[in-house]
Protein chains: 2
Amino acid sequence: MRWEELDQQPCSLARTLSVVGDRWTLLVLRDCFLGVRRFDDFEARLGVTRHVLADRLKRLVEAGVLAKVPYQERPRREEYRFTEKGRDLYQAVMALVSWGDRYMAGAEGAPIRHRHKGCGQVMHGVLVCSECGEPLVPKEIELEEAPEWQGQLLPAHRHARSVEG
Amino acid sequence: MRWEELDQQPCSLARTLSVVGDRWTLLVLRDCFLGVRRFDDFEARLGVTRHVLADRLKRLVEAGVLAKVPYQERPRREEYRFTEKGRDLYQAVMALVSWGDRYMAGAEGAPIRHRHKGCGQVMHGVLVCSECGEPLVPKEIELEEAPEWQGQLLPAHRHARSVEG
DNA sequence: CCTTCGAGTTCCAAAAAAGAACTAACAAAT
DNA sequence: ATTTGTTAGTTCTTTTTTGGAACTCGAAGG
(Lines give C-alpha, C1' and ligand atoms only; values in the text may rest on other atoms or scores of the structure.)
Protein backbone atom coordinates (compact mmCIF):
# COMPACT_ATOMS: atom_id res chain seq x y z
CA MET A 1 0.00 0.00 0.00
CA ARG A 2 1.30 3.43 -0.84
CA TRP A 3 0.49 6.95 0.29
CA GLU A 4 -1.96 7.44 -2.56
CA GLU A 5 -4.06 4.44 -1.59
CA LEU A 6 -4.21 5.14 2.12
CA ASP A 7 -7.02 7.67 1.94
CA GLN A 8 -9.24 5.11 0.18
CA GLN A 9 -9.08 2.65 3.07
CA PRO A 10 -12.21 2.03 5.12
CA CYS A 11 -10.44 3.12 8.29
CA SER A 12 -10.46 6.54 9.86
CA LEU A 13 -6.96 6.10 11.20
CA ALA A 14 -5.58 5.21 7.77
CA ARG A 15 -7.40 8.17 6.26
CA THR A 16 -6.05 10.48 8.92
CA LEU A 17 -2.55 9.13 8.32
CA SER A 18 -2.91 9.80 4.61
CA VAL A 19 -2.81 13.45 5.70
CA VAL A 20 -0.56 13.54 8.77
CA GLY A 21 1.11 10.13 8.79
CA ASP A 22 4.69 11.22 8.57
CA ARG A 23 6.98 12.81 11.05
CA TRP A 24 7.62 16.05 9.19
CA THR A 25 3.95 16.77 8.65
CA LEU A 26 3.17 16.56 12.33
CA LEU A 27 6.18 18.68 13.25
CA VAL A 28 5.01 21.31 10.76
CA LEU A 29 1.62 21.30 12.47
CA ARG A 30 3.27 21.57 15.89
CA ASP A 31 5.00 24.75 14.72
CA CYS A 32 1.75 26.06 13.26
CA PHE A 33 0.19 25.68 16.69
CA LEU A 34 3.14 27.66 18.07
CA GLY A 35 2.38 30.48 15.63
CA VAL A 36 4.89 29.78 12.86
CA ARG A 37 3.49 30.75 9.46
CA ARG A 38 6.31 31.18 6.95
CA PHE A 39 8.40 28.89 4.82
CA ASP A 40 11.79 30.04 6.04
CA ASP A 41 10.70 29.97 9.67
CA PHE A 42 9.54 26.39 9.35
CA GLU A 43 12.80 25.46 7.71
CA ALA A 44 14.94 27.11 10.37
CA ARG A 45 13.04 25.55 13.27
CA LEU A 46 12.51 22.07 11.86
CA GLY A 47 15.80 21.18 10.24
CA VAL A 48 13.92 19.69 7.32
CA THR A 49 15.15 20.11 3.77
CA ARG A 50 13.38 22.80 1.75
CA HIS A 51 12.44 20.19 -0.78
CA VAL A 52 10.52 18.07 1.71
CA LEU A 53 9.07 21.09 3.47
CA ALA A 54 7.65 22.42 0.20
CA ASP A 55 6.13 19.01 -0.50
CA ARG A 56 4.55 18.66 2.96
CA LEU A 57 3.09 22.15 2.91
CA LYS A 58 1.61 21.49 -0.51
CA ARG A 59 0.01 18.27 0.70
CA LEU A 60 -1.42 19.99 3.76
CA VAL A 61 -2.93 22.71 1.60
CA GLU A 62 -4.38 20.12 -0.78
CA ALA A 63 -5.83 18.26 2.19
CA GLY A 64 -7.51 21.44 3.43
CA VAL A 65 -5.55 21.49 6.69
CA LEU A 66 -3.63 24.67 5.90
CA ALA A 67 -4.43 27.55 3.56
CA LYS A 68 -2.04 29.90 1.81
CA VAL A 69 -3.00 33.47 2.56
CA PRO A 70 -1.20 36.45 1.04
CA TYR A 71 0.33 38.89 3.50
CA GLN A 72 1.84 41.24 0.93
CA GLU A 73 1.75 41.99 -2.80
CA ARG A 74 4.74 43.08 -4.95
CA PRO A 75 6.33 40.75 -4.50
CA ARG A 76 3.43 38.53 -3.62
CA ARG A 77 4.15 36.55 -0.48
CA GLU A 78 1.96 33.99 1.15
CA GLU A 79 1.94 32.37 4.54
CA TYR A 80 0.35 29.20 5.83
CA ARG A 81 -2.58 29.32 8.20
CA PHE A 82 -4.84 26.72 9.71
CA THR A 83 -8.27 26.06 8.38
CA GLU A 84 -10.86 24.86 10.88
CA LYS A 85 -10.12 21.31 9.77
CA GLY A 86 -6.47 21.88 10.59
CA ARG A 87 -7.08 23.57 13.90
CA ASP A 88 -9.17 20.59 14.95
CA LEU A 89 -6.03 18.47 14.78
CA TYR A 90 -5.08 20.13 18.03
CA GLN A 91 -6.59 17.40 20.15
CA ALA A 92 -4.73 14.68 18.30
CA VAL A 93 -1.45 16.58 18.52
CA MET A 94 -1.97 17.25 22.22
CA ALA A 95 -2.74 13.59 22.85
CA LEU A 96 0.58 12.66 21.25
CA VAL A 97 2.35 15.35 23.28
CA SER A 98 0.78 14.13 26.51
CA TRP A 99 2.01 10.62 25.83
CA GLY A 100 5.49 11.94 25.10
CA ASP A 101 5.46 14.03 28.28
CA ARG A 102 4.66 10.91 30.24
CA TYR A 103 6.82 8.27 28.60
CA MET A 104 9.56 10.02 26.65
CA ALA A 105 10.62 12.84 28.97
CA GLY A 106 13.99 12.52 30.65
CA ALA A 107 14.63 13.00 34.34
CA GLU A 108 14.20 16.77 33.95
CA GLY A 109 10.57 16.34 32.95
CA ALA A 110 8.75 17.71 29.93
CA PRO A 111 10.48 20.52 28.02
CA ILE A 112 7.26 22.52 27.81
CA ARG A 113 4.50 22.73 30.38
CA HIS A 114 0.93 23.54 29.48
CA ARG A 115 -1.10 25.83 31.68
CA HIS A 116 -4.84 25.97 31.13
CA LYS A 117 -5.98 29.57 31.27
CA GLY A 118 -9.44 28.52 32.27
CA CYS A 119 -8.43 26.88 35.52
CA GLY A 120 -4.88 28.18 35.92
CA GLN A 121 -3.37 24.74 36.42
CA VAL A 122 -0.52 22.98 34.67
CA MET A 123 -2.32 20.21 32.86
CA HIS A 124 -2.14 17.42 30.33
CA GLY A 125 -4.74 16.15 27.92
CA VAL A 126 -7.14 13.36 28.84
CA LEU A 127 -9.36 11.75 26.24
CA VAL A 128 -12.87 11.20 27.47
CA CYS A 129 -16.14 9.87 26.13
CA SER A 130 -18.11 12.57 24.34
CA GLU A 131 -21.32 11.25 25.91
CA CYS A 132 -20.52 10.54 29.54
CA GLY A 133 -17.15 12.19 30.11
CA GLU A 134 -15.36 9.11 31.43
CA PRO A 135 -11.71 8.64 30.37
CA LEU A 136 -11.38 6.15 27.54
CA VAL A 137 -9.77 2.77 28.06
CA PRO A 138 -9.57 0.20 25.25
CA LYS A 139 -11.57 -2.58 26.83
CA GLU A 140 -14.51 -0.28 27.55
CA ILE A 141 -15.07 0.41 23.85
CA GLU A 142 -17.14 -1.88 21.68
CA LEU A 143 -16.56 -1.65 17.94
CA GLU A 144 -19.38 -1.85 15.41
CA GLU A 145 -18.69 -2.13 11.71
CA ALA A 146 -20.86 -0.02 9.47
CA PRO A 147 -23.37 -2.24 7.60
CA GLU A 148 -21.57 -2.05 4.25
CA TRP A 149 -18.39 -3.50 5.75
CA GLN A 150 -19.82 -6.28 7.90
CA GLY A 151 -17.12 -8.80 8.73
CA GLN A 152 -14.44 -7.14 6.61
CA LEU A 153 -12.79 -4.69 8.96
CA LEU A 154 -12.34 -6.38 12.29
CA PRO A 155 -9.98 -9.32 12.67
CA ALA A 156 -11.38 -12.79 13.20
CA HIS A 157 -9.54 -13.16 16.52
CA ARG A 158 -8.07 -16.43 15.45
CA HIS A 159 -5.58 -16.42 18.31
CA ALA A 160 -6.19 -13.26 20.23
CA ARG A 161 -7.45 -13.42 23.76
CA SER A 162 -8.46 -9.86 24.47
CA VAL A 163 -7.53 -6.30 23.81
CA GLU A 164 -5.88 -5.88 27.16
CA GLY A 165 -3.86 -9.07 26.99
CA MET B 1 17.20 15.70 10.99
CA ARG B 2 16.86 11.97 10.77
CA TRP B 3 14.91 9.35 12.70
CA GLU B 4 17.84 8.70 15.00
CA GLU B 5 18.09 12.30 16.11
CA LEU B 6 14.39 12.85 16.68
CA ASP B 7 14.27 11.30 20.13
CA GLN B 8 16.96 13.71 21.34
CA GLN B 9 14.88 16.77 20.58
CA PRO B 10 13.56 18.84 23.47
CA CYS B 11 9.99 18.37 22.30
CA SER B 12 7.54 15.74 23.46
CA LEU B 13 5.89 15.58 20.05
CA ALA B 14 9.21 14.94 18.31
CA ARG B 15 10.08 12.28 20.87
CA THR B 16 6.71 10.64 20.44
CA LEU B 17 7.15 10.70 16.67
CA SER B 18 10.54 9.05 17.03
CA VAL B 19 8.48 6.04 18.12
CA VAL B 20 5.21 6.28 16.18
CA GLY B 21 5.89 8.92 13.54
CA ASP B 22 5.31 6.87 10.46
CA ARG B 23 2.19 5.51 8.90
CA TRP B 24 2.99 1.83 9.19
CA THR B 25 3.80 2.02 12.87
CA LEU B 26 0.47 3.58 13.72
CA LEU B 27 -1.42 1.07 11.59
CA VAL B 28 0.39 -1.74 13.39
CA LEU B 29 -0.77 -0.25 16.68
CA ARG B 30 -4.31 0.07 15.38
CA ASP B 31 -4.34 -3.64 14.66
CA CYS B 32 -2.86 -4.37 18.07
CA PHE B 33 -5.80 -2.54 19.60
CA LEU B 34 -8.06 -4.74 17.49
CA GLY B 35 -6.43 -7.83 18.96
CA VAL B 36 -3.95 -8.75 16.23
CA ARG B 37 -0.79 -10.29 17.70
CA ARG B 38 1.07 -12.23 15.03
CA PHE B 39 3.43 -11.41 12.25
CA ASP B 40 1.50 -13.04 9.42
CA ASP B 41 -1.79 -11.54 10.61
CA PHE B 42 -0.32 -8.05 10.59
CA GLU B 43 1.05 -8.64 7.14
CA ALA B 44 -2.23 -9.92 5.73
CA ARG B 45 -4.29 -7.07 7.19
CA LEU B 46 -1.92 -4.20 6.54
CA GLY B 47 -0.56 -4.83 3.08
CA VAL B 48 2.89 -3.83 4.26
CA THR B 49 5.97 -5.67 3.08
CA ARG B 50 7.37 -8.24 5.51
CA HIS B 51 10.62 -6.37 5.43
CA VAL B 52 9.15 -3.13 6.72
CA LEU B 53 6.82 -4.90 9.13
CA ALA B 54 9.73 -6.71 10.75
CA ASP B 55 11.56 -3.41 11.10
CA ARG B 56 8.60 -1.60 12.63
CA LEU B 57 7.88 -4.35 15.11
CA LYS B 58 11.52 -4.39 16.14
CA ARG B 59 11.47 -0.64 16.71
CA LEU B 60 8.30 -0.88 18.76
CA VAL B 61 9.81 -3.58 20.93
CA GLU B 62 13.00 -1.55 21.39
CA ALA B 63 10.90 1.45 22.34
CA GLY B 64 9.07 -0.58 24.97
CA VAL B 65 5.68 -0.18 23.29
CA LEU B 66 5.27 -3.86 22.43
CA ALA B 67 6.81 -6.96 23.96
CA LYS B 68 7.47 -10.32 22.35
CA VAL B 69 5.89 -13.03 24.41
CA PRO B 70 6.25 -16.73 23.57
CA TYR B 71 3.02 -18.62 22.99
CA GLN B 72 4.63 -21.98 22.20
CA GLU B 73 7.98 -23.75 22.37
CA ARG B 74 9.36 -26.25 19.81
CA PRO B 75 9.38 -24.48 17.58
CA ARG B 76 9.50 -21.36 19.65
CA ARG B 77 6.96 -18.81 18.46
CA GLU B 78 6.41 -15.33 19.80
CA GLU B 79 3.65 -12.84 19.45
CA TYR B 80 3.50 -9.11 20.04
CA ARG B 81 1.63 -7.66 22.97
CA PHE B 82 1.25 -4.21 24.37
CA THR B 83 3.18 -3.04 27.36
CA GLU B 84 1.51 -0.46 29.57
CA LYS B 85 3.45 2.21 27.70
CA GLY B 86 1.99 0.91 24.47
CA ARG B 87 -1.54 0.56 25.72
CA ASP B 88 -1.41 4.18 26.83
CA LEU B 89 -1.10 5.18 23.19
CA TYR B 90 -4.78 4.39 22.94
CA GLN B 91 -5.80 7.96 23.65
CA ALA B 92 -3.54 9.34 20.94
CA VAL B 93 -4.75 6.77 18.42
CA MET B 94 -8.37 7.46 19.29
CA ALA B 95 -7.84 11.19 18.93
CA LEU B 96 -6.52 10.60 15.40
CA VAL B 97 -9.45 8.30 14.66
CA SER B 98 -11.96 10.85 15.93
CA TRP B 99 -10.48 13.48 13.64
CA GLY B 100 -10.67 11.07 10.72
CA ASP B 101 -14.27 10.17 11.54
CA ARG B 102 -15.14 13.83 11.43
CA TYR B 103 -13.14 15.10 8.48
CA MET B 104 -12.18 12.16 6.32
CA ALA B 105 -15.33 10.03 6.31
CA GLY B 106 -17.30 9.89 3.09
CA ALA B 107 -21.04 10.40 2.84
CA GLU B 108 -21.67 6.99 4.39
CA GLY B 109 -20.07 8.08 7.64
CA ALA B 110 -17.33 6.40 9.64
CA PRO B 111 -16.54 2.76 8.80
CA ILE B 112 -16.46 1.80 12.48
CA ARG B 113 -18.57 3.17 15.30
CA HIS B 114 -17.43 3.16 18.90
CA ARG B 115 -19.87 2.33 21.63
CA HIS B 116 -18.85 3.07 25.18
CA LYS B 117 -19.83 0.15 27.39
CA GLY B 118 -20.00 2.40 30.44
CA CYS B 119 -22.77 4.61 29.12
CA GLY B 120 -24.00 2.55 26.17
CA GLN B 121 -23.74 5.41 23.71
CA VAL B 122 -22.01 5.68 20.36
CA MET B 123 -19.24 8.14 21.12
CA HIS B 124 -16.10 9.85 19.95
CA GLY B 125 -13.08 11.01 21.89
CA VAL B 126 -12.86 14.49 23.37
CA LEU B 127 -9.61 15.78 24.82
CA VAL B 128 -10.13 17.64 28.07
CA CYS B 129 -8.01 19.34 30.70
CA SER B 130 -6.79 16.87 33.31
CA GLU B 131 -7.45 19.46 36.03
CA CYS B 132 -10.81 21.00 35.23
CA GLY B 133 -12.29 18.72 32.57
CA GLU B 134 -12.94 21.45 30.01
CA PRO B 135 -12.34 20.53 26.33
CA LEU B 136 -8.99 21.82 25.11
CA VAL B 137 -8.77 24.60 22.57
CA PRO B 138 -5.41 25.99 21.43
CA LYS B 139 -5.85 29.57 22.56
CA GLU B 140 -6.75 28.53 26.09
CA ILE B 141 -3.36 26.91 26.65
CA GLU B 142 -0.37 28.90 27.81
CA LEU B 143 3.03 27.38 27.12
CA GLU B 144 5.89 27.56 29.61
CA GLU B 145 9.40 26.47 28.69
CA ALA B 146 11.24 24.47 31.30
CA PRO B 147 13.99 26.62 32.88
CA GLU B 148 16.86 24.91 31.07
CA TRP B 149 15.40 25.78 27.67
CA GLN B 150 14.34 29.39 28.28
CA GLY B 151 13.87 31.17 24.97
CA GLN B 152 15.03 28.25 22.84
CA LEU B 153 11.89 26.30 22.14
CA LEU B 154 9.13 28.74 21.36
CA PRO B 155 9.26 30.87 18.22
CA ALA B 156 9.94 34.59 18.52
CA HIS B 157 6.64 35.45 16.83
CA ARG B 158 8.35 37.72 14.36
CA HIS B 159 5.31 37.83 12.13
CA ALA B 160 2.70 35.70 13.82
CA ARG B 161 -0.42 37.30 15.16
CA SER B 162 -1.92 34.55 17.24
CA VAL B 163 -2.39 30.85 17.41
CA GLU B 164 -5.95 31.06 16.19
CA GLY B 165 -5.24 33.35 13.25
C1' DC C 1 11.13 -37.48 1.85
C1' DC C 2 8.05 -33.81 0.83
C1' DT C 3 4.89 -30.28 2.40
C1' DT C 4 3.09 -26.96 5.69
C1' DC C 5 3.38 -23.32 9.23
C1' DG C 6 5.15 -19.17 11.39
C1' DA C 7 8.43 -15.69 11.61
C1' DG C 8 11.38 -13.80 9.70
C1' DT C 9 15.83 -12.55 6.09
C1' DT C 10 17.86 -11.63 1.52
C1' DC C 11 18.11 -9.48 -2.94
C1' DC C 12 17.13 -6.11 -6.49
C1' DA C 13 14.62 -2.24 -8.48
C1' DA C 14 11.98 1.89 -7.49
C1' DA C 15 10.77 5.78 -4.66
C1' DA C 16 11.76 9.21 -1.25
C1' DA C 17 14.89 12.02 1.62
C1' DA C 18 19.29 14.50 2.63
C1' DG C 19 22.25 18.21 1.38
C1' DA C 20 23.68 21.92 -1.24
C1' DA C 21 23.23 25.15 -4.90
C1' DC C 22 20.32 27.83 -7.92
C1' DT C 23 16.09 30.79 -9.55
C1' DA C 24 12.32 34.39 -9.54
C1' DA C 25 10.50 38.71 -8.16
C1' DC C 26 11.05 42.37 -6.19
C1' DA C 27 13.24 46.28 -2.59
C1' DA C 28 17.04 48.79 -0.64
C1' DA C 29 21.76 50.23 -0.51
C1' DT C 30 26.12 51.66 -2.80
C1' DA D 1 23.25 50.77 -12.65
C1' DT D 2 24.97 47.22 -10.17
C1' DT D 3 25.24 44.73 -6.02
C1' DT D 4 23.06 42.86 -1.92
C1' DG D 5 19.15 41.10 0.62
C1' DT D 6 14.59 38.77 1.33
C1' DT D 7 11.18 35.13 0.65
C1' DA D 8 9.57 31.08 -1.33
C1' DG D 9 10.56 27.97 -3.71
C1' DT D 10 13.11 24.48 -7.57
C1' DT D 11 16.92 21.64 -9.33
C1' DC D 12 20.57 18.42 -8.91
C1' DT D 13 23.19 14.50 -7.04
C1' DT D 14 23.93 11.08 -3.45
C1' DT D 15 22.17 8.23 0.22
C1' DT D 16 18.42 5.87 2.54
C1' DT D 17 14.17 3.68 2.67
C1' DT D 18 10.44 1.04 0.38
C1' DG D 19 8.12 -2.30 -2.57
C1' DG D 20 7.95 -6.84 -4.28
C1' DA D 21 9.17 -11.42 -4.55
C1' DA D 22 11.83 -15.32 -3.27
C1' DC D 23 14.39 -17.82 0.22
C1' DT D 24 15.68 -19.68 5.17
C1' DC D 25 15.12 -21.97 9.69
C1' DG D 26 13.06 -25.11 12.98
C1' DA D 27 9.80 -28.13 13.76
C1' DA D 28 5.42 -31.14 12.89
C1' DG D 29 2.54 -34.16 9.92
C1' DG D 30 1.77 -37.52 6.32
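So that the names make sense, note that chain A is the first sequence line, chain B the second, and so on, each numbered from 1.
- In this structure, the side chain to side chain contact (heavy atoms under 4.5 Å, CB included) partners of Thr16(B), at least two apart in sequence or on a different chain, are Leu96(A), Trp99(A), Val20(B).
- Taking Arg74(A) as the reference, nothing meets the salt bridge (charged side-chain N to carboxylate O under 4.0 Å, His left out) condition, with sequence neighbours excluded.
- Ser18(B) places a side-chain N or O within 3.5 Å of a backbone atom of Arg15(B) that can act as its donor or acceptor partner.
- When the options Glu145(A), Glu144(A), Glu140(A), Glu142(A) are evaluated for a salt bridge (charged side-chain N to carboxylate O under 4.0 Å, His left out) with Arg115(B), the one that passes is Glu144(A).
- Atom CZ of Arg23(B) and atom C1' of dG19(D) are 11 Å apart (whole Å).
- Comparing Val52(A) and Pro75(B) against DNA chain C, the residue whose closest nucleotide sits nearer the 5' end is Pro75(B).
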Only pairs under 3.5 Å count here: list side-chain donor-acceptor contacts from residues 117-130 of chain B, not counting sequence neighbours, and write none if there are none.
from, atom 1, to, atom 2, distance (Å)
Lys117(B), NZ, Lys139(A), O, 3.2
Ser130(B), OG, His124(A), N, 3.1
Ser130(B), OG, His124(A), O, 3.3

* To do: Can you run through DNA chain C from 5' to 3' and write each base as (, ), [, ], | or . depending on how it pairs? Watson-Crick or G-U wobble, both distances under 3.5 Å.
  => ||||||||||||||||||||||||||||||
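- As a whole-Å value, the separation of Asp55(A) CG from dA15(C) C1' is 12 Å.
- For the pair Glu43(A) CD and dT6(D) P, the interatomic distance rounds to 14 Å; values are reported in whole Å.
- Taking atom CD of residue Glu73(B) and atom C1' of nucleotide dG26(D), one finds them 13 Å apart after rounding to whole Å.
- One interatomic measurement links the two molecules: CG of Leu53(B) to P of dG6(C), which rounds to 15 Å at whole-angstrom precision.
- With sequence neighbours excluded, no residue satisfies salt bridge (charged side-chain N to carboxylate O under 4.0 Å, His left out) with Glu148(B).
- The CZ-P distance, from Arg59(A) to dA16(C), rounds to 8 Å in whole Å.
- Under the 3.5 Å distance criterion, the side-chain polar atoms of Asp22(B) are matched with a main-chain donor or acceptor of Thr25(B).
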* To do: Take Phe82(B) and Phe33(B), measure what ring pair (Phe, Tyr, Trp, His ring centres under 6.0 Å) needs, and give me the verdict at the end.
  => CA-CA 9 Å; Phe82(B) 276 125; Phe33(B) 283 118; 4.4 Å; yes
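- For the pair Gln72(A) CD and dA8(D) C1', the computed distance is 11 Å after rounding to whole Å.
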Using nucleotides 7-10 of chain C, report all nitrogen or oxygen pairs with the protein that are shorter than 3.5 Å.
from, atom 1, to, atom 2, distance (Å)
dA7(C), OP1, Tyr71(B), OH, 3.0
dA7(C), OP1, Glu78(B), O, 3.2
dA7(C), N7, Arg50(B), NH2, 3.0
dG8(C), OP1, Lys68(B), NZ, 3.0
dG8(C), OP2, Tyr80(B), OH, 2.7
dG8(C), N7, Arg50(B), NE, 2.8
dG8(C), N7, Arg50(B), NH2, 2.6
dG8(C), O6, Arg50(B), NE, 3.1

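- Here the closest non-hydrogen pair linking Ala110(A) and Ser12(B) is CB-OG, 4.4 Å.
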